[in-house]
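Working notes for the structure below.
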Amino acid sequence: MTEPTYLHATRVAYDTVAVDYAELVPPLFEGDLYGRAMIGVFAQLTRALDAGPVADLGCGPGHVTAHLQSLGVTAFGIDLSPKTVAVARRRYPDLRFEEGSMTGLDLADGSLGGVIAWYSIVHTPPELLPVVFAEFHRVLAPGGHLLLAFKAGDRLRHLEHAYGHDLSLDVYWVSPDHIADLLTRAGLPVDAHLIREPSQQEKPRQGRQAYLLARKPVQPKARTGDTIA
Ligand SMILES: C[S@@+](CC[C@H](N)C(=O)[O-])C[C@H]1O[C@@H](n2cnc3c(N)ncnc32)[C@H](O)[C@@H]1O
């Protein structure tokens with residue numbers, strides 16, 4: 001099957017910026033107190049559930065995977081860009097990082113206690129998000145948790161320069177209500193959301209940032225004697 005053009009373009013772009021991204025972005029994560037608070041809740045929920053490891057999908061240079069691990073969560077990272085995966089492995093040699101796409105994961109059904117996608121759905125055209133959310137649903141164990149971070153809004157920006165490199169990369173801002181609706185349709189109802197304004201360090205054009213916690217419900221077991229009418 002041929003790969004969609006946007007996946008190829010995203011991989012090429014992140015291969016180009018992998019080393020510089022790893023210098024520039026992880027320090028910003030240190031200052032994202034609201035986002036880290038949501039990760040703290042997600043870590044508590046997945047630890048309590050104890051239904052399998054957490055996959056950090058679109059893990060970039062691995063700092064979020066490492067943060068989860070520091071919170072007592074067994075976590076590993078997957079990223080589309082081989083050069084980004086190589087950077088993550090160099091930065092965190094004790095953690096597991098693999099190449100792959102959240103559109104089709106090499107993971108068994110129901111094998112994860114949690115999925116985190118931290119600003120990694122922002123390059124997926126919104127009309128293709130149902131494919132990604134169906135994949136999240138497939139790999140999560142019943143009761144498993146999903147945490148998304150993304151740019152809240154309704155626009156597309158085409159980047160031709162980022163992190164000191166020329167490239168070609170689409171970035172989508174999507175409304176949190178629309179994401180919540182897509183998640184619910186995928187069988188992942190939302191438990192909590194947090195939307196924050198751009199911080200003083202961020203450019204106002206970055207807009208609002210959204211964090212959404214969703215969950216794959218546990219199907220109640222049919223009791224003996226129950227009938228299906
Ligand atoms: C904006 S960066 C975020 C990286 C990291 N999560 C962070 O917070 O810094 C987006 C990352 O998602 C990855 N990515 C984009 N689409 C992906 C896909 N379909 N499957 C896996 N990774 C993907 C990119 O290669 C890139 O590393």
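Indexing begins at 1, ligand by ligand and atom by atom, following the structure's order. None of the values given here were measured: they were computed from a predicted structure.
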Just distance, no hydrogens or angles: give the donor-acceptor pairs under 3.5 Å from side chains in residues 100-111, sequence neighbours left out.
residue: Ser101; atom: OG; partner: Thr103; partner atom: N; Å: 3.1
residue: Ser101; atom: OG; partner: Thr103; partner atom: OG1; Å: 2.5
residue: Asp109; atom: OD1; partner: Arg138; partner atom: NH1; Å: 2.7
residue: Ser111; atom: OG; partner: Ala108; partner atom: O; Å: 2.7

Tell me which donor-acceptor pairs under 3.5 Å the side chains of residues 178-189 have, and how far apart each pair is, sequence neighbours excluded?
residue: Asp181; atom: OD2; partner: Arg185; partner atom: NE; Å: 3.2
residue: Asp181; atom: OD2; partner: Arg185; partner atom: NH2; Å: 3.4
residue: Thr184; atom: OG1; partner: Ala180; partner atom: O; Å: 2.8

Side-chain donor/acceptor pairs under 3.5 Å, residues 61-75, sequence neighbours excluded:
residue: Thr65; atom: OG1; partner: Asp56; partner atom: OD2; Å: 2.7
residue: Gln69; atom: OE1; partner: Ala75; partner atom: N; Å: 3.0
residue: Ser70; atom: OG; partner: His67; partner atom: O; Å: 2.6

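A pairwise comparison of heavy atoms in Tyr172 and Pro126 identifies CD2-CD, 3.3 Å as the closest pair.
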What do the steps show when you test Val171 against His123 for side chain to side chain contact (heavy atoms under 4.5 Å, CB included), and what is the final call? CA-CA 5 Å; Val171 187; His123 305 301; 3.9 Å; yes
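Between the side chain of Lys83 and the main chain of Ala18, no donor-acceptor pair closer than 3.5 Å is present.
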List of N/O pairs, ligand 1 versus protein, all under 3.5 Å?
residue: ligand 1; atom: 6 (N); partner: Gly58; partner atom: O; Å: 2.8
residue: ligand 1; atom: 6 (N); partner: Trp118; partner atom: O; Å: 2.8
residue: ligand 1; atom: 8 (O); partner: Trp118; partner atom: O; Å: 3.4
residue: ligand 1; atom: 9 (O); partner: Tyr21; partner atom: OH; Å: 2.6
residue: ligand 1; atom: 9 (O); partner: His63; partner atom: NE2; Å: 3.3
residue: ligand 1; atom: 19 (N); partner: Ser101; partner atom: OG; Å: 3.2
residue: ligand 1; atom: 20 (N); partner: Met102; partner atom: N; Å: 3.0
residue: ligand 1; atom: 22 (N); partner: Leu80; partner atom: N; Å: 3.2
residue: ligand 1; atom: 25 (O); partner: Asp79; partner atom: OD1; Å: 2.6
residue: ligand 1; atom: 27 (O); partner: Asp79; partner atom: OD1; Å: 3.2
residue: ligand 1; atom: 27 (O); partner: Asp79; partner atom: OD2; Å: 2.7

